[in-house]
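See below for the structure under consideration.
Bear in mind that the values here come from a model prediction, so they are computed numbers and not experimental data. Protein chains get the first letters and strands the later ones, always in sequence-line order, with residue 1 at the start of each.
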2 protein chains.
Amino acid sequence: MMSMKCKYALKALIQLGMGYDKGYIMASTISEAENIPKKFLEQILLELKHAGFVGSKQGYGGGYYLKRKPAEISVADVYRLFDGAISLVPCVSLNFYEKCDDCKSEKVCLLKPEFLKIREGARVIMSKTTIQTFLNLAKKTN
Amino acid sequence: MMSMKCKYALKALIQLGMGYDKGYIMASTISEAENIPKKFLEQILLELKHAGFVGSKQGYGGGYYLKRKPAEISVADVYRLFDGAISLVPCVSLNFYEKCDDCKSEKVCLLKPEFLKIREGARVIMSKTTIQTFLNLAKKTN
DNA sequence: ATAAAACTCTACTAAGTTGATAGAGTTTGT
DNA sequence: ACAAACTCTATCAACTTAGTAGAGTTTTAT
């Protein structure tokens, strides 16, 4: 399960995607549209900004905008930012590798080869699903 | 990432799988073989017992044994027992369905259809990987 | 200039989860 | 009777999660 933070981030990115290249969108607008506590959302948008996914402008008339193309922000990217590794165990993680401290030797770990396959399965599909994917769905529905 | 509990459970099940149909295996044996704190492992084995994956016998000469065939215990089964839903959000979970309380309407949720696909991807591969899969690997290595 | 709007940043907190540890109890073989 | 080994429940420290709070900064309109 992903954290609320990650889910809120995806929802916010979709909202920003809907207004892509159309100026600034305020946190309060997204907050109301998606039922996300405003102050919590501000933190999230800030993290997204620091990570380079969104840009912002302060002051009256300000707000947030998508800095990358919707097709260039994947669920995997957002998941990694807020929830960390996609893999089930740290020792098969691409981006968050760590030795499992209970394992005596990685070379003879029985879990590892299969867990690599599971990670690849999850990673591929989460990487293929982007903000654009959700936007396409929104179009069809309307 | 899966919890240590879940990972320990898988390791314990593999150990029991290696001794499938060969009598009882003690918690202490598994504990030493896999570097799992003994008392913690006992809790885990008890949960596995209550869930019907393993059987046990008390007293001198007792221990645990696999109650189901190794091919009939999947990573998905064990994950669900210890860590819960495989899906990223509760509203697309097969076994742990819950309404997302931030979503205004499930019918128009943009996330849902794609999150269903992601869950299916993860679920299929985690269901196909069983204790037998790991045992086959162990054979090859030896 | 100044007030208000809107983002920025840091600190804090209550509740829940995780990864154990502890110990008393039960069953069984010798 | 005794010890080995599983059974069950309680407890706990550390960490994470999902927010809340509030002071600070930037920008625009008037």
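- One can place NE2 of A/H50 at 7 Å from P of C/dT8, the figure rounded to the nearest angstrom.
- Between A/D83 and A/K5, none of the side-chain N atoms (NZ, or NE/NH1/NH2) sits under 4.0 Å from a carboxylate O, so this pair counts as no salt bridge.
- One interatomic measurement links the two molecules: CZ of A/F40 to C1' of C/dA11, which rounds to 15 Å at whole-angstrom precision.
- Between the side chains of B/D77 and B/S74, at least one donor N or O lies within less than 3.5 Å of an accepting N or O.
- A close approach under 4.0 Å does not occur between any side-chain nitrogen or oxygen of B/K38 and OP1 or OP2 of C/dT21.
- Picking from D/dT7, D/dA18, D/dT28 the nucleotide with the shortest atom distance to the side chain of A/K57 gives D/dT28.
- One finds a side-chain N or O of B/S56 lying less than 4.0 angstrom from the OP1 or OP2 phosphate oxygen of D/dT7.
- Atom CD in B/E47 sits roughly 12 Å away from atom C1' in C/dG19 (whole-Å rounding).
- Regarding A/M1, its CE atom lies at a distance of 14 Å from the C1' atom of D/dT17, rounded to whole Å.
- Distances shown here put a side-chain N or O of A/K49 below 4.0 Å from the OP1 or OP2 atom of C/dT8.
- With rounding to whole Å, B/N35 atom CG is found 15 Å from C/dG19 atom C1'.
- The phosphate of C/dA3 has neither OP1 nor OP2 within less than 4.0 Å of any side-chain N or O from A/Y60.
- The phosphate of C/dA20 (OP1 or OP2) has a side-chain N or O of B/Y8 nearer than 4.0 angstrom.
- OP1 or OP2 of C/dA5 has not a single side-chain nitrogen or oxygen of A/Y24 nearer than 4.0 Å.
- Atom-to-atom distance recorded for A/L13:CG and A/L45:CG is 8.0 Å, nearest 0.5 angstrom.
- Using a distance-only test at 3.5 Å, with no hydrogens or angles considered, no donor-acceptor pair links the side chain of A/K38 to the main chain of A/T29.
- Comparing A/M4 and B/I25 against DNA chain D, the residue whose closest nucleotide sits nearer the 5' end is B/I25.
- Surrounding NZ of B/K69 are at most 12 heavy atoms belonging to other residues, nucleotides or ligands under 6.0 Å away.
- At least one side-chain heavy atom of B/Y79 sits under 4.5 Å from a side-chain heavy atom of B/M2.
- In this structure, B/L16 atom CG and D/dC6 atom P are separated by 11 Å, rounded to whole Å.
- Atom P of nucleotide D/dA5 and atom CD1 of B/I30 are separated by 13 Å, given to the nearest angstrom.
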Please enumerate all protein N or O atoms sitting under 3.5 Å from an N or O of nucleotides 21-24 of chain D, with distances to 0.1 Å.
unit_1: D/dG22; atom_1: O6; unit_2: A/K39; atom_2: NZ; d: 2.5

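- Between the P atom of C/dG19 and the CD1 atom of B/I44 lies a distance of 9 Å, rounded to the nearest Å.
- For A/F96, the CZ atom sits in a packed shell: over 12 heavy atoms of surrounding residues, nucleotides or ligands are nearer than 6.0 Å.
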